[in-house]
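Counting begins at 1 with the first residue of the sequence. Note that these values count all heavy atoms, side chains included, but never hydrogens, waters or copies made by symmetry.
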Amino acid sequence: MKHLRADRLPALQGPAAWNLILGPAPERAPLTGARTADVVIVGAGFAGLSAARRLQQIDPRAAVTVLDAGRIAESSAGRNSGFMIDLPHDLASEDYAGAGDDRAMIALNRQAIAFAFGAVTDYQIDAHFFDRAGKVNGAASATAHAHNQSYAAHLASLGEQCEMLDAQAMVQLTGSRHYLGGLYTPGTVMLQPAGYIRGLAAGLARGGVQIHEQSPVTALTRTGDSWTVTTPQGRVSAGRVIQTVNGHLESFGFEKGRLMQIFLSAVMTPETDAKALARLGGKSRLGITPSDPMGTTVRRIDSGQGGNRIVTRTCATLAPDRRIGSGHVQRAARVMQQKFDARFPQLRGMKMEHVWAGHLCLTLNGVAVMRKLDDGLYSGCVQNGLGTAHGTLTGIGAAELACGVESDITRHFTAEAPPRRLPPQPFQQIGGNAVLRYKVWRARHE
């Protein structure tokens, strides 16, 4: 018998605003009593729900149960910026260029986008939640502009399309005079992440997947060829279990001391009125990533009914115990208010309606943990800050591993080196946050 017990969950502060602005969602019952399934998936985010969809594609008769500790789209899946990026996007680099085979990674990212678009089509997810708008790397300094030029040259060497934008083009696009220029790339999909995840869950449930909310897994026990997954109110037995819990994998005893637990904070404006929109100018829907990866991300979204909101995200902090306090988020909110005011002085002082923190997980060497963990136990975890695209890929890959299917996705991730060990505490937290603070300061205008 093998017994794995999970410790506490990450503490996420503030509402998942992407979910909140959609209005209430139907509740899904927690797991109760004793059940059986062919496959149990732990986690109902991008990776977990993608794994469930891929399992249905491989074996439509398989009994699949998905367990989530909270509500659908309330955890990290509903707290990201919603960029599903096709191109290299290495957060550890100066200009996002990857350190490996970028052509192979682009092909995989586009598989993820195609897979997600297939779900949008098959499950009739609102097309407004899946916008093929592309994105812009915004540059507010000469150094950042140089990053854009370097990245543009790298993309050209790969045969990828991009367009340099000058300051006036950025004003026309964003309504902001903050940016000296930008680099537009057309392949990124701008998601309403909570809307997409809700639609994906609903489509899977209609197809027979059992999805249970408010069902945190407290233990995994293997006896013979079967795993028993225990929650506070029930248990389910299955021959195969797929862990899609991102950085929470560490709390189940895997990759301890090798995963960097990072929190990013974000704010969202109220829905703006016609007068504010007229003062603002620019396009109603756009996404800006900073030319320096440690800068500030901006999303501008519309409801399709004339309303408009702006999301500002930055303020990274390392939290090895996967917990941050409300005071940290409130301090970050003040910083993001300043960044919003600097970019959109036409709306200076607009009080933010929502403020929240979201959890992401990275490894020192930028690898995922998509592999077989034990007999009948598989992982689709650690997305290195690319939760939408790489979460989709690691979920697909984990499902394929569980079914004995080989693909470009499984070959790529299983060939990756193991995560490198992090420095011991307290050096990890002190040193890591010192490096983050320096990088954030250096990118303070971006």
Side-chain angles (χ1 to χ4, degrees), residues 80-103 105-110 112-113 131-191 264 281-301 310-314 316 339-340 342-344 366 384-386 388-390 439-440 442-446:
N80 62 63
S81 295
F83 290 76
M84 194 171 227
I85 299 171
D86 61 332
L87 297 175
H89 197 76
D90 184 352
L91 298 182
S93 74
E94 293 292 325
D95 62 1
Y96 297 116
D101 186 343
D102 280 348
R103 285 189 175 88
M105 200 68 250
I106 290 168
L108 291 177
N109 289 340
R110 288 174 178 164
I113 290 172
D131 184 4
R132 295 179 179 272
K135 74 175 181 70
V136 174
N137 281 3
S141 68
T143 300
H145 180 64
H147 288 166
N148 271 349
Q149 290 177 314
S150 171
Y151 191 47
H154 179 63
L155 293 178
S157 74
L158 298 172
E160 292 295 332
Q161 181 182 354
C162 62
E163 178 185 359
M164 294 293 292
L165 305 177
D166 62 16
Q168 185 56 38
M170 289 296 286
V171 172
Q172 293 173 353
L173 175 67
T174 67
S176 173
R177 297 187 178 279
H178 180 78
Y179 300 101
L180 301 179
L183 177 66
Y184 171 74
T185 51
T188 293
V189 173
M190 305 306 301
L191 297 171
L264 286 170
K283 303 293 185 182
S284 63
R285 305 176 79 180
L286 58 88
I288 303 173
T289 49
S291 298
D292 185 312
M294 294 309 297
T296 300
T297 298
V298 175
R299 279 283 306 270
R300 191 166 163 187
I301 61 173
I310 296 175
V311 178
T312 308
R313 189 183 80 158
T314 188
K339 292 180 178 292
F340 173 86
R343 285 159 177 75
F344 305 107
N384 289 285
L386 297 168
T388 59
H390 285 196
K439 288 186 173 183
V440 168
R442 188 182 63 183
R444 62 193 180 280
H445 300 302
E446 303 307 322

Has [X] got a side-chain atom pairing as donor or acceptor with [Y]'s backbone, closer than 3.5 angstrom?
X: N148; Y: N137; value: yes
X: S291; Y: G138; value: yes
X: R299; Y: I310; value: no

Sub-4.5 Å side-chain heavy-atom contact between [X] and [Y]:
X: E160; Y: I106; value: yes
X: H147; Y: D292; value: yes
X: T188; Y: R132; value: no
X: L180; Y: H145; value: no
X: L183; Y: Q149; value: no
X: L264; Y: T314; value: no
X: T388; Y: N80; value: yes

To the nearest 0.5 Å, what is the distance between [atom1] ([X]) and [atom2] ([Y])?
X: T174; Y: R343; atom1: OG1; atom2: CZ; value: 10.0 Å
X: L191; Y: I301; atom1: CG; atom2: CD1; value: 12.0 Å
X: S176; Y: M170; atom1: OG; atom2: CE; value: 7.5 Å
X: L165; Y: Y179; atom1: CG; atom2: OH; value: 12.5 Å
X: L158; Y: R103; atom1: CG; atom2: CZ; value: 5.0 Å
X: T185; Y: D86; atom1: OG1; atom2: CG; value: 6.5 Å

Over 60° means perpendicular and under 30° means parallel, so tell me whether F344 and F340 are parallel, tilted or perpendicular.
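Rings of F344 and F340: tilted, 30 to 60°.
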
Under the criterion side chain to side chain contact (heavy atoms under 4.5 Å, CB included), I'd like the reasoning laid out for M84 against L386: C-alpha separation, chi angles, the key distance, then a yes or no.
CA-CA 8 Å; M84 194 171 227; L386 297 168; over 6 Å; no

State plainly whether the residues E163 and K135 are in salt-bridge range, i.e. N to O under 4.0 Å.
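Salt bridge flag = no for K135 with E163.
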
Is R110 atom CZ crowded by more than 12 heavy atoms from other residues, nucleotides or ligands, each under 6.0 Å away?
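Counting other residues, nucleotides and ligands, CZ of R110 exceeds 12 neighbours.
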
If you count every heavy atom of other residues, nucleotides or ligands that lies below 6.0 Å from H178 atom NE2, does the total exceed 12?
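Result for NE2/H178: enclosed.
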
Which atom of [X] lies closest to which atom of [Y], heavy atoms considered:
X: T312; Y: T296; answer: CG2-CG2, 3.5 Å
X: I288; Y: F83; answer: N-CZ, 3.7 Å
X: L87; Y: N109; answer: O-ND2, 3.8 Å
X: A152; Y: M164; answer: CB-SD, 4.2 Å
X: T297; Y: S81; answer: CG2-OG, 3.8 Å
X: A112; Y: A389; answer: CB-O, 3.6 Å

